[in-house]
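Below you'll find the structure, written out as structure tokens, and then a few comments.
Chain identifiers are assigned alphabetically (A, B, ...) following the order of the sequence lines, protein sequences preceding nucleic acid strands; residue numbering begins at 1 within each chain.
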Amino acid sequence: MYERYNPQAIESKWQKSWLESKMYFVEPEADKPKFYTLVMFPYPSGDLHMGHMRNYAIGDLVARYRTMQGYNVMNPMGWDAFGLPAENAAIKDGIHPAIRTLDNIERMKGQFYKMGIVYDWDREVASCLPDYYRWTQWIFLLMYERGLAYRKKAAVNWCPNDKTVLANEQVVDGHCERCGAEVIKKDLVQWFFRITEYADRLVDDLDMLEGWPERVRTMQRNWIGRSTGAEIDFPVVGNREDDPVGAHGRAPLPTSPTIRVYTTRPDTIFGATFMVLAPEHPVVEVITTPEQREAVQQYVQQARKETEIERLSSDKEKTGVFTGAYAVNPMTNAAIPIWIADYVLVTYGTGAIMAVPGSDERDYEFAVKYNLPIVNVIAPDDGRWTMDDSNHRPSSIVHRPPTEGAPVPMYAGPGLMVNSGPLNGVPTTESKNAAIALIEAEGKGKATTNYRLRDWLISRQRYWGAPIPIVYCPTCGEVPVPTEQLPVVLPTDVEFRPGGESPLAHVESFVNTICPTCGGPARRETDTMDTFVDSSWYFLRFCDPHNDKAPFSRELADHWMPVDQYTGGVEHAILHLMYARFFTKVLADAGMVGAQEPFIKLFTQGMITKDGAKMSKSKGNVVPVDDMVEKYGADTGRLFVLFMGPPDEDAEWSDEGAAGMFRFLNRVWRLFEGNVTLSSPNGAGRDTADYSQSDRDLLRKVHVTIKRVTNDIERFHFNTSVSAIMEMTNAMQSYRDAHGPETEAYSEAATSLLLMLAPMAPHITEELWRRAGGTDVSRSAGSSEGVHQQPWPGFSPELAAAEIVTLVIQVNGKMRDKVDMPADVTQDEAIQTALGREKIRPYIEGKEARQVHYVPGRLVNIVV
RNA sequence: GCGCAAGUGGCGUAAUGGCAGCCGCGCUAGCCUUAGGAGCUAGUGCCCGUAAGGGCGUGGGGGUUCGAAUCCCCCCUUGCGCACCA
């Protein structure tokens, strides 16, 4: 009796062999092209489930597949090991984060091992170890030196639950991304990275990233939010000292302040009928009239109290208060009232806007509510308006104060400028540039660019992170720690208690130090860095992981970088991927690496859900890797996660489906029952003259499958790769039933099957390869060489070519009949055959065939 | 609200202008067996029909085309992203 498929016994044997032979350990090689494949390194949370397996199975497939294709593949792994969960757990149960983290790393390595995932473990890094964070600190100092790291007092996002500040990117809908607590604003002095200096390059270079999903590029583009427009100065006429109210028509006073606005539509300035300042705008206090002071102060206070969510909700009805002061519209010279309203944000642009209710929805809503004048400056160029030649505006649109009746409608679409002095009649496609030229010529403002992106706040009042290498000296001030004194080591004797400040602030031996400049007593910075800093350069460290003179050498970085294939979750589409791009550009500017972009191709895989939700311990819906391996083996699990559906989409877990995949591998196993031999992996040029029809049919199936599987792996369509292989095994089984396994054709099919399946199900294929290879005489397989050292199978177009094609016959586009024809049938033969078919005759009888369409080798369509 | 995806059997999906439903799950009937998480055979979109055969069918409506799941327009639903960024 043939031995049964026993995955557990097979798998551990080969796992051991791969690791001990260091099969996937790599050094630069001159005669092979390099391929750097990387899966986002994980936070060591401890246990892996099938969602993780999908991620790592894809990465492992890429590494093994490219190796078979002859690339010198680097496939490293490491640990994003700093972070809040370990510290929060320490507060709860007293286990030190370092101990827990290193423990979890060992556990997870064991699970990678059991999945048959192979890495170059010689390159392993953990961001929490001093020989890694030393260089994180080094890069911080590089940023500092280049003016890209700085400290400022700012209203920051504070999570009252995690007791730390958060980057803008970590605030989701006004809540902490991590714990969900409502984020509040606090004024604190914090460290920032000047990522805004790179905003333009971060946007522009997205165009280079053609190997990225368009969705991710769009998300980054939107996040950076570049907009072009103009800053324009509006002089204030009338304030509490010299002109309390009613400054209509008055010329600007020499002592009056000027308010600068930012607008993306400078062309609509002739329609600016009022101004709105953010409640926090510094000039508010100066310009408010005594009569309005109380109302204004009340409004400002209320706005401060409001949470970010309340304030930023666009469904909220707009509110505002008049300051009593007026400004002059520099183009119309009309005095316009100055209001404050919380729909204007102090953090964007200049914190002040010119309101154009005639062509801005928000301003329109505000104007209608507070009865402010509305002027249309754009007329739709749709032929429905008649132009009045005397004033260059459609006669049906007039400046109508709201007191005369219903407000004029808002219009922001394309058209012609009206009510706009020298801009009248200019089409909106040109009006923006024309307006900027006009405004600049008159010295009233200038073209500018604005970004939604803010500088990256990196200070965290937490323990489990890389200490910021700065010392505060009473005499020298803020002093960077000299690089030769790095690392600033994170002390281990720390008390974990729930509280406001960084635990480091209570460690006297850490805090008290001497000033590197003057040698006097000084204090260390006690904040640590955002863990996104650690993960912004790890892919560079993998190139040169043991370097103790520098973060990495230029030579090795230039050999391996950029990463050819990066794989990970779409949840990192903005944060990690943008920060990593920023770091790469800074390091490139510093001459440390040639690559301007870190990741050429990016693949974001979908989640695996169970009961409709992402697998998580708290929901109790996890399918642990360990269970899977124990039940069916790693190969079944790996193949099933690849087969479940398109890998970039979410997929719902199915126990029955996993069982089905186990049955498939059993079928594969049985295909090797008996005396199965292997053949040369490349069937091109094979002489098939003496092959039987079924031999040629089988070989055709094999070569069609090689083509499909190769193309589908290249496209990351692993689900269809697997299904193509399944079809081939079905064909092999039928062949075997009729002709047995001891033919050349079967031998080639069996060889190709193992080779194609090898990157997906590495253990069973290795086992079957060695077993079958032992009886092979035509090649060296079987002793020292395993399936993973073989070249990827070659595709032969001649062998894949069909001899017989099934021609579809349509009448008026409806399928009515099919007929088998030789593949080299001519158009005339095909059409004549089609017209003569018995089934077709009733449809064309008595009618005239007006047209006949012929698609070679596919169909004939008769139009009657 | 704006933007981007997606919508196909009982389920996961396949087909990117040319036979809709490959592959798998599930299910039905039968067979086999040192009774297993096994294996084999046949069937399985819906409706009419014993059958042969016919009709319908890819969220809804319209269009382009000899021919549309696929391309275009409108609408509906779901998911994701952004959300008062001037």
Side-chain angles (χ1 to χ4, degrees), chain A residues 1 4-5 173 213-216 218-223 225-227 229 261-266 268 272 276 278 311-316 318 341-345 347-356 359-363 365-366 450-454 570-571 573-574 606 631-632 640 643-646 648-664 666-667 670 708 717 719-730 733 737 806-818 839 849-864:
Chain A
M1 179 64 198
R4 287 186 52 206
Y5 171 45
D173 288 338
E214 190 49 49
R215 182 162 78 110
V216 173
T218 305
M219 281 164 75
Q220 292 214 355
R221 211 171 272 126
N222 291 344
W223 189 264
R226 177 163 68 187
S227 73
V261 304
Y262 172 72
T263 177
T264 55
R265 293 300 301 269
T268 63
V276 188
R311 183 155 167 192
L312 291 180
S313 143
S314 51
D315 348 309
K316 196 186 80 166
K318 291 188 177 26
D342 63 6
Y343 79 90
V344 175
L345 309 173
T347 48
Y348 186 78
T350 59
I353 62 159
M354 63 177 205
V356 185
S359 54
D360 182 282
E361 206 158 332
R362 297 153 300 182
D363 299 343
E365 190 193 320
F366 195 79
N450 250 296
Y451 306 89
R452 211 189 78 107
L453 182 71
R454 303 266 77 95
V570 74
E571 66 272 19
I574 297 174
K631 203 168 173 188
Y632 298 123
F640 183 56
F643 179 66
M644 285 177 81
D648 54 342
E649 287 172 27
D650 291 353
E652 172 72 13
W653 179 256
S654 150
D655 287 326
E656 293 77 21
M661 191 54 75
F662 182 63
R663 286 198 293 270
F664 169 71
N666 275 284
R667 285 198 289 276
R670 286 195 304 271
R708 282 179 61 188
H717 287 200
N719 53 329
T720 51
S721 297
V722 177
S723 97
I725 292 173
M726 284 174 167
E727 278 184 58
M728 189 176 104
T729 58
N730 291 345
Q733 185 62 56
D737 290 345
T806 302
L807 223 50
V808 172
I809 306 172
Q810 295 181 328
V811 178
N812 290 337
K814 270 196 190 304
M815 202 272 285
R816 294 301 180 185
D817 197 9
K818 298 179 198 183
K839 279 186 173 177
R850 273 194 297 162
Q851 261 181 310
V852 181
H853 289 263
Y854 177 63
V855 182
R858 306 195 76 155
L859 93 163
V860 176
N861 187 13
I862 304 159
V863 187
V864 296

Please tell me if [X] has a side-chain N or O lying less than 4.0 Å from either OP1 or OP2 of [N].
X	N	result
Asn730(A)	G24(B)	yes
Arg221(A)	C4(B)	no
Ser227(A)	A86(B)	yes
Asn719(A)	A14(B)	yes
Tyr348(A)	A86(B)	yes
Arg708(A)	C22(B)	no

Measuring from the side chain of [X] (C-beta onward, heavy atoms only), which nucleotide among [options] has the closest atom?
X	options	answer
Glu727(A)	C22(B), C84(B), G39(B)	C22(B)
Ser654(A)	C23(B), C25(B), C82(B)	C25(B)
Val808(A)	C19(B), A86(B), G37(B)	C19(B)
Arg663(A)	A86(B), G39(B), A83(B)	G39(B)
Ser723(A)	A83(B), G24(B), C22(B)	C22(B)
Arg667(A)	C40(B), G55(B), C80(B)	C40(B)
Gln810(A)	C66(B), G18(B), U13(B)	G18(B)
Arg816(A)	G55(B), A86(B), C82(B)	G55(B)
Pro646(A)	A86(B), C19(B), A14(B)	A14(B)
Met219(A)	C40(B), G81(B), C66(B)	G81(B)

For this session: Starting from the C-alpha separation in whole Å, work towards a yes-or-no answer on side-chain contact (heavy atoms from CB on, under 4.5 Å) for His853(A) and Leu859(A).
Result: CA-CA 8 Å; His853(A) 289 263; Leu859(A) 93 163; over 6 Å; no
Exercise. Counting any heavy atom closer than 4.0 Å, what does Thr720(A) reach on the DNA or RNA strands: base, sugar-phosphate only, or nothing?
Worked result: sugar-phosphate
Exercise. How is Gly660(A) classified with respect to the nucleic acid when contacts are heavy atoms under 4.0 Å: base, sugar-phosphate, or nothing?
Worked result: sugar-phosphate
Between [atom2] on [N] and [atom1] on [X], what's the gap in Å once rounded to a whole number?
X	N	atom1	atom2	value
Glu656(A)	C25(B)	CD	P	11 Å
Arg4(A)	G37(B)	CZ	C1'	9 Å
Ile809(A)	G67(B)	CD1	C1'	15 Å
Ile862(A)	G18(B)	CD1	P	20 Å
Leu807(A)	G67(B)	CG	P	19 Å

Exercise. So, does Asp360(A) use its side chain to make a donor-acceptor pair with the main chain of Asp363(A) at under 3.5 Å?
Worked result: yes
Exercise. Do Glu361(A) side-chain and G1(B) base share a donor-acceptor contact under 3.5 Å?
Worked result: no
Exercise. Looking only at N and O atoms, is any donor in the side chain of Asn861(A) or the base of C66(B) less than 3.5 Å from an acceptor on the other one?
Worked result: yes
Write down the distance separating the [atom1] atoms in [N] and [M], rounded off to the nearest Å.
N	M	atom1	value
C84(B)	G17(B)	P	40 Å
G12(B)	G3(B)	C1'	29 Å
A20(B)	G81(B)	C1'	33 Å
A83(B)	C72(B)	C1'	30 Å
G18(B)	U33(B)	C1'	47 Å
C75(B)	C25(B)	P	42 Å
G63(B)	G54(B)	P	28 Å
G59(B)	G79(B)	C1'	15 Å

For this session: Please step through ring pair (Phe, Tyr, Trp, His ring centres under 6.0 Å) for the pair Tyr451(A) and Trp223(A), ending with a clear verdict.
Result: CA-CA 9 Å; Tyr451(A) 306 89; Trp223(A) 189 264; over 10 Å; no
For this session: May I ask you to check if Lys318(A) and Tyr343(A) form a cation-pi contact, with NZ or CZ under 6.0 angstrom from the six-membered ring centre and within 45° of the axis?
Result: yes
For [N], which nucleotide is its Watson-Crick or G-U wobble mate, given both distances must be under 3.5 Å?
N	value
A20(B)	none
C2(B)	G81(B)
C40(B)	G30(B)
G10(B)	C25(B)

Exercise. For the residue pair Trp653(A) and Phe640(A), does the interplanar ring angle fall in the parallel (under 30°), tilted (30 to 60°) or perpendicular (over 60°) class?
Worked result: perpendicular
For the atom pair [atom1] ([X]) and [atom2] ([Y]), what is the distance rounded to the nearest 0.5 Å?
X	Y	atom1	atom2	answer
Gln220(A)	Arg215(A)	CD	CZ	12.5 Å
Arg816(A)	Lys814(A)	CZ	NZ	6.5 Å
Asn861(A)	Met815(A)	CG	CE	12.5 Å

Seminar exercise, completed: Glycosidic torsion of G9(B) (syn if within 90° of 0, anti otherwise) classifies it as syn
